[in-house]
Amino acid sequence: MRPALLLLTDSRLPAGGHAHSGGAERAVTSGAVHDVPSLAHFLRGRLRTAGAVAAALTAACTHASAGGGTVSWEALDAEVDARTASPAQREASRTQGRLLLRVARRIWPSPVLDELARAIPSPHHPLALGAAAHAAGCTPEEAALAAAYHAVTGPATAAVRLLGLDPVSVHAVLATLTPDLTAVATHACRPSDPLTPLEALGALPACSAPALDALAEQHARAEVRLFIS
Amino acid sequence: MRASAAVATARAADGRTVVSRLASAPPLTLRQTGPHTVHLVSTAAGPLGGDMLALDLYVAPGTTLELGSVAATLVLPGPGESELLVTAHVGAGGTLRFAPEPTVLAAGCAHRLLVRLTLEDGASAFWREEIVFGRHGEPSGRCRSRFDVTRDGLPLLRQEFTAGDPDLDSSPAVYGSARCVGTTFLTARAEEPAVAEGVAVLPLAGPGTLVSALAKDAVQLRSRLEWGERTAVADEPATAATPW
């Protein structure tokens, strides 16, 4: 494992991730998440749906960064769009992607990041994370792991703040999820032969989470909120 | 059991739609019930585990096809996984309405439901799918569904659902306490997203809208989807109105 992966996934990376709860704030407001066990169930479901999709698309973007243009950034961005039915989630993904791309270009200057910024100034988060991981020297599988980790740690921290949960108990929940993180990252990078690169992209996971979609739209309409998403 | 059924339309000399092909293959039996309406009539139990079923729909440019079913599909256990692959193509200026009754996942079943919908430029589509997690009072069977919509070769919507997995079934991030999940894909584009109890109207990044609903039973699911379908087309300009 490259030490750069630790920097990329650190919540102290100044890329604005702390402002997003990934649906956790609305789930808390609605009462669906109200204690550590319900948070654990929320996180496991989030990881296996939104997390699995983000991991697969991020790995594909790291792969594309190394591959020299067999698949365009526009095609990758369109695949994320097609898997993100909720406009509020598309907006949150592009906001986080833009901020991550901006800081990554300063931390790990690279022609790949410059090219992504030229092609899509506000790319979806998996594009920015995948390209940043490549620029930082990480493999597609490491990038997938970073995406899966990002899918659960932000919501977990948000729930600690919103519900005043014991942070140690919540970290214990995250520790129980580590085998799932490995499984999601491994699945994200399974070989796609004999498909063409574009077909392989289309066949990547597209696991939907209808509750997260509804929470994201409700949150976008909420008058009082602590987190952007 | 392996079975492959198909429906195709053609444009008559006077411009009207004719159903030019109607190939049934039990348990997928098709009956024409109107000038451009076809119903699936179940002529055998199932699908049962191990069944491999395929349904092909071809809507020729400028024609209309409506496909429904007379009853819910009850997916039953058997030796191995059952699969239903629906491939649908809508030509330029064609219109497809696909609105069968729900798929009910009986306890112990293992099913795959694959839908590939390809749209040419200017095609209209309405595609409703409802999945019920088990008959009354029983746990859900397992099902993996995948729905891919492309328009002129570009991805418009890709989504997968997994049912019968305890990690997902009652997760507040996925289905919560719902016992059914349903979606309607429309090529009509809602101006704004909308959300109500158990249902969201989601304008896609491309030309289309997804209505997504969760409910405690099939009746509530249908009423939530219908609310979303009405809301999605409510702000469509009258000139672009679809027949529903």
Side-chain angles (χ1 to χ4, degrees), chain A residues 22-24 26-28 30-34 38-53 74-75 77-90 124 151-152 155 180 198 201-221, chain B residues 114 116 131 144-151 153-162 165-178 180-185 189-206 208-215 221 224 228:
Chain A
R26 198 50 36 193
V28 165
S30 73
V33 169
H34 50 87
S38 57
L39 174 64
H41 212 161
F42 177 88
L43 295 176
R44 202 174 289 276
R46 193 174 200 289
L47 175 60
R48 293 274 309 279
T49 54
V53 172
E74 287 80 2
D77 204 60
E79 291 290 346
V80 181
D81 263 344
R83 288 166 174 78
T84 320
S86 151
Q89 286 185 339
R90 289 198 297 273
H124 276 299
V152 289
D180 302 69
L198 262 184
L201 206 54
L204 290 177
C207 318
S208 305
L212 284 180
D213 290 347
L215 290 167
E217 294 304 325
Q218 286 160 359
H219 193 67
R221 279 156 198 70
Chain B
L114 302 166
R116 292 176 196 146
I131 300 174
R144 291 178 297 147
S145 76
R146 172 134 188 159
F147 184 36
D148 286 283
V149 186
T150 56
R151 183 179 194 98
L154 298 173
L156 185 51
L157 176 67
R158 299 195 194 280
Q159 60 170 12
E160 288 179 85
F161 289 119
T162 301
D165 179 332
D167 278 355
L168 302 178
D169 279 359
S170 55
S171 170
V174 188
Y175 305 126
S177 56
C180 320
V181 61
T183 56
T184 305
F185 162 76
R189 197 171 195 287
E191 298 264 313
E192 295 283 335
V195 63
E197 180 76 35
V199 53
V201 177
L202 307 166
L204 300 174
T209 303
L210 184 72
V211 178
S212 168
L214 292 168
L221 183 70
R224 287 178 173 179

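In what follows, every chain begins at residue 1, and chains take the letters A, B, ... in the order their sequences are listed.
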Interface moiety of [X] toward chain A, non-hydrogen atoms closer than 4.5 Å:
X	value
Ala194(B)	backbone
Leu210(B)	side chain
Asp148(B)	side chain
Asp165(B)	side chain
Arg146(B)	side chain

### Query
Checking side-chain contact (heavy atoms from CB on, under 4.5 Å) for the pair Val195(B)/Val201(B): CA distance, chi angles, key distance, verdict?
CA-CA 6 Å; Val195(B) 63; Val201(B) 177; over 6 Å; no
What distance separates [X] [atom1] from [Y] [atom2], expressed to the nearest 0.5 Å?
X	Y	atom1	atom2	answer
Tyr175(B)	Ile131(B)	OH	CD1	7.0 Å
Asp213(A)	Gln89(A)	CG	CD	5.0 Å
Thr162(B)	Arg48(A)	OG1	CZ	7.0 Å

[X] and [Y]: which non-hydrogen atoms are nearest, and at how many Å?
X	Y	value
Arg83(A)	Gly202(A)	NH2-O, 3.2 Å
Leu202(B)	Ala85(A)	CB-O, 3.3 Å
Arg224(B)	Ala213(B)	CB-CB, 4.1 Å
Ser170(B)	His41(A)	OG-CE1, 2.9 Å
Phe161(B)	Ser208(A)	CE2-CB, 3.6 Å

### Message
Between Glu217(A) and Ser86(A), is there a side-chain donor-acceptor contact under 3.5 Å, judged purely by atom types and distance?
### Response
yes
For [X], which atoms come within 4.5 Å of any heavy atom of chain B: side chain, backbone, both, or neither?
X	value
Leu215(A)	side chain
Ala203(A)	backbone
Ala27(A)	neither
Arg90(A)	side chain
Pro155(A)	neither
Leu204(A)	backbone

### Message
I'd like to verify something: which residue of Gly45(A), Ala78(A), Ala40(A), Ser38(A) has the highest number of heavy-atom pairs under 4.5 Å with chain B?
### Response
Gly45(A)
## Note on the structure
Checked Ala209(A), Pro210(A), Ala214(A), Ala220(A) vs chain B; the most non-hydrogen pairs under 4.5 Å come from Pro210(A)
With chain A as the partner, which of [options] has the greatest number of non-hydrogen pairs under 4.5 Å?
options	result
Gly208(B), Pro166(B), Ala178(B), Ala173(B)	Ala173(B)
Leu214(B), Thr183(B), Thr150(B)	Leu214(B)
Thr209(B), Leu156(B), Val149(B), Asp169(B)	Leu156(B)
Pro203(B), Ala200(B), Ser212(B)	Pro203(B)

### Task
Return the orientation label for the Phe185(B) and Phe147(B) ring planes: parallel under 30°, perpendicular over 60°, tilted otherwise.
perpendicular
